[in-house]
Structure formats: structure tokens, C-alpha cells
Amino acid sequence: MAVASALERPDLITAEIVEASENEDLAIKYGVSSVPHTVINGKTVSLGGVDTQEAFIEKILTLREAAAGAPPLVREGEEAHVDIVIVGAGPGGLTAAIYGERSGLKCVVLEKGVVGGQVALTPVVENYPGLTRVAGKSLVDLMAQHASQYTHIHQGEEVLEIKPNGQIIASTNRGRYICRAVILATGAKHRKLGVPGEERLYGRGVSYCATCDGYFYKGKKVIMVGGGNSAVTEALYLDSLGVSVTLVHRKDKLRAESRLQESLFNRKIPVLRNSEVREILGDKIVAGVRIENTKTGKTEEMPVDGAFISIGYEPVNELAKKTGVELDGAGYVKVDQQQRTNVPRIYAVGDITGGVKQIVTAVGQGAVAAMAAFEDLANPYWKEKGAV
Amino acid sequence: MFGGKKKARVIQQDKEEILKKKFEILKKEVPIYVFSREGENDPFNRFTVALIKELGELTPRIIPEFHEVGDEVSKKYDVSRSPTILIDPEAYHIRYTGSPAGEEMRSFLNTIVMTSVGRTLLSSSDRERLAALKDGRHIQIFVTPT
């Protein structure tokens, strides 16, 4: 976006991409500890994360970091007719697009954030059949390239509302889509610890993405909070980058696969069990953490340069809720074996449906949902039942 | 010819064909200026110089130029860091301070394509909004290779 803006307004806009590790003095000057970190006219306007195009242009124009929860900018005018709107460009959404298009249905994939979802931020994937070991981003790139041979993927376009009666209207921050079915593949977002210092120091030593930010901590000391596959995988990744990492887990036993735990042990990565982070300390950047051992009750302060958090995910269900789709007690979308929700012509796939949250599951569900949509649009079961 | 190892290329052979295909879309020539200074980030200098040289070999639309930090050209464009890359500096102000390694390679290649083709991903409404800009903006994006 920076480059595109500089190409558009060469009279007024200059774009500089700064590689932080080769230019440490500049990175220190602007307090860079997560990427991408955007500075405009000497002022930081973005810490980590990826802006939508609209938000980035807004920052260029106003020189302000967008306020948390600020409403996205809605654009009038653009309207398109498609058969299926797919919300989310993770493995589930991308697979649904491939199968939908191959069934002869015109699809569009709308992604408000990063194409690939969580997988794009996973350092290594070792359990996707056919690929012994692959970087998450590489796997997702393969899927996205495959899907884009069939359909359009719109990054930075957020679906704000779905009106499912009669013609389905999906309104986004760019316009409206009139469609015949919707597949929700909105995935899940990082769960937070909810401790003091976590939000204040986000992007300044607190991170949820080892792939994005681990590089900054080469030769430095960090904790990785969590005990599942993701936390252990990311701890191993940080260790391989030359980061001194300690795993902090609230229980006695780790939940991670035994092979991952074996690697942890072999690499002599310290593990603090029965330990919970109570506070993340630091003035402008992370300087330490306060950890309580829940068995002994003892609390200690550990000086660290960074705190990585990988304690699971919460379903991204705001759109599903607004649409009237039924959720279970944990907030996941309820679906039948064909990925149908309670609302005719609305389907859901991947982590948003709970269950086994794996790439391979989302991929399978994406295919099932697309084929179900094809069948249902040809034989509308809801009309047989007398529904609208 | 005799003795010594052949220098390893930055762009692997299997990627060359893919890049040649990608560059078929290039229209306008894109001068790429590379600035380096020995003793400052040497491994990244070597990588960057080799990368731009090899890209220039893949398509006649990429025109590499190599300079020393401290020479007249570097003073003209206010380049003081090594390595630094300027993309078509007579027409635009697009700079890479540091080498475009790892994940940044993709964005670097896309920058070359956008500059040559003259088309970006900006929507018509984005362009309208930028047209209203009255004052200068210097955008710096800090990245790492991962």
C-alpha cells in the first residue's frame, strides 16, 4: 500500500521499506518491536497487524492511528451479483471457493485481514498430508494461488452485514454483493491473557505471532505462554532463531503432541509448569513479567524482553451472531453434516464451527459446504418445508 | 575458468523460469539503483547486488545501476545507508533501506511490476481520496525477513 500510494502521488508521497535488523538504530529510534510497523512523517501510526486499504489511506491522510473499534469506512455504489459469498480466506474459505467454482457457481472470497488466516502466521506445519514439513505461509500461498485460478479473493474487504431473506445481500466496507448463498469461514482469533500490561504493551514486546515478531528477539530473552501444539511449535521456532525462550504453562502437563514435547526436551528449552502470568511489566516496552506458581503460591518477577502468548483461540462470530445463525454455548456456529447452519443458504466451515481445529478439517469442510450449496441451490430444501 | 568455485546464484534455477514468466507483463523500463558500502552490512550488500544483477539478466525491462554510498549519485538521492535500493528514482520516491530478503522479496518483486505496468491495487475511491492530499507524506514501513 505504501508503494502503491507513492506511485499514485509521486509529487507528495515517498515510500521507504526499512529492513529493521540491518538498520537497528532506526528501529530503536521508532520503538519497533513488531512488524509491520508504520511511521508516517516521523509518527508511528501502526504497530503490527495489517491494515485494510481504506484504513491505510486514512492514516496517510490524517496521520492518525485509527482508534480501536472505529467503524470501517463504507463505500456506496459498488454492487455485484455472485452465487456464493465466502467470508474468510483461510484454508476453509479457499477450498470452498475452488469446489464452488468447479461446480459452476460464481464465488467471491472476502477477507478483512490476511489471506490464509492463522495458517499464514504459523511457522511450520508438519501434519498436512502430503507435505512433511512446510512453512505456514508457503502452504497458504499454494492454496491461495490455486483458488485464485478460479475465483477472486478480495483482501481488506470486510463483510459487515448479511441479510439472508429473499435475495441474500452481503454488505461490505466496499459495497454490496447480491448472492444466493454464503459460506462463513471467519475462523478464530487469539485468546488474550487478560492481565495488566498486555494491551498497553501490545506491539512493544507483547506478541501473538512468533513468525511475525520473533526475529526482533534474536539474542534476547522471552517467554512463550501456553501448552498446546501452537505454543510449543512457536517456542521451538523462536529457539531456532536464536531467541532465549522459556515456556510458561498454567498446568502440570503440556497438551502438545508428544513429538513436539520431545523436541522441546531435546533442545533444553525451560518449561515453567503450574505457572501463570499475572502481569506484564515495563514502561514503554516489555521489561519483565510477574509469574505466580499456582502450586506454591510463590510469585516472582522475571526480566524478559518479550512475552509471546499462544493460549488458544476464540471464534470470530460477530457476523454469525448478527446474521441470526445459531451458536453453541462456547460461541461456535452449529452446523449439520453438510455444514448447513440453521439459516437456509448459510453454511459455516473451519474453526468457526469448533470441533477439531486443524487445517485439514477446514479444507474438508470447505469442500462439503460448497457441494452442499450446489445441491441445495438446485433442490431448495427450505422451500419444501414451506420456509422463505 | 580453472579452479575456484562458481559463485552460488541468489535466484535458484527453478525460480528463474517462474520469474521470467512474471516479468512478461512488464511494460516500462524500471531503473533500479543499488547503493552499497564495504564494511557496512557486507553479507546483505552481496545479496542485494547479486539479486538485482540477476533480475536484470532475466528481463531487459529491469535496468540495474550500481553505486557506492558516498558517490555523486548517492548524494543526489540522499542515500547514506548500505544497502539501499531506489526504484526508478527519476520518476518516483520508492526506497528499500536494507535488503529485500525472505518474505519481503515478494513485495519487492510486486513493486517492480507495479512500477513498470503503472497499475496498482488501489481502488478508484482510494485514488480519489489520495488526490485530495495537499501536503507531503514520508511513509516508512519497518519489516523483517520473516
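Chain letters run A, B, ... following the sequence lines, proteins first, then strands; residues in each count from 1. Hydrogens, waters and symmetry mates play no part in the numbers below; they use all other heavy atoms, side chains included.
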Check each atom of [X] against the heavy atoms of chain A and say whether the ones under 4.5 Å are side chain, backbone, both or neither.
| X | result |
| --- | --- |
| B:D135 | backbone |
| B:S82 | neither |
| B:R119 | neither |

Enumerate the side-chain hydrogen bond (donor to acceptor under 3.5 Å, both in side chains) contacts for residues 30-39 of chain B, please, sequence neighbours excluded, ordered by first and then second residue. B:R37-B:E40
Can you tell me if NZ on A:K284 sees more than 12 non-hydrogen neighbours from other groups inside 6.0 Å? no
Look at atom NZ of B:K22 and say whether more than 12 heavy atoms of other residues, nucleotides or ligands are closer to it than 6.0 Å. yes
Under 3.5 Å, is there a donor-acceptor pair between the side chain of A:N41 and the main chain of B:I139? no
Output yes when a side-chain donor or acceptor of B:R137 lies under 3.5 Å from a complementary backbone atom of A:I40, and no otherwise. no
Do the charged groups of A:R174 and B:D126 touch, with an N to O distance under 4.0 Å? no
Residues B:R81 and A:E22 bridged, charged N to O under 4.0 Å: no
Taking every non-hydrogen pair under 4.5 Å, which of A:L26, A:V18, A:I13 racks up the most with chain B? A:V18
Kindly compute the distance separating [atom1] ([X]) from [atom2] ([Y]), expressed to the nearest 0.5 Å.
| X | Y | atom1 | atom2 | result |
| --- | --- | --- | --- | --- |
| A:E16 | B:I141 | CD | CD1 | 10.0 Å |
| A:I17 | B:I85 | CD1 | CD1 | 10.5 Å |
| A:L61 | B:R129 | CG | CZ | 5.5 Å |

Are [X] and [Y] side-chain neighbours, meaning at least one heavy-atom pair lies under 4.5 Å?
| X | Y | value |
| --- | --- | --- |
| B:L130 | A:L12 | no |
| A:E8 | B:R127 | yes |
| A:L7 | B:I94 | yes |

With chain A as the partner, which of B:N41, B:L86, B:I87 has the greatest number of non-hydrogen pairs under 4.5 Å? B:N41
By the definition ring-ring contact (aromatic ring centres under 6.0 Å, His included), identify the one residue from A:Y215, A:Y30, A:F216 that meets it with B:F142. A:Y30
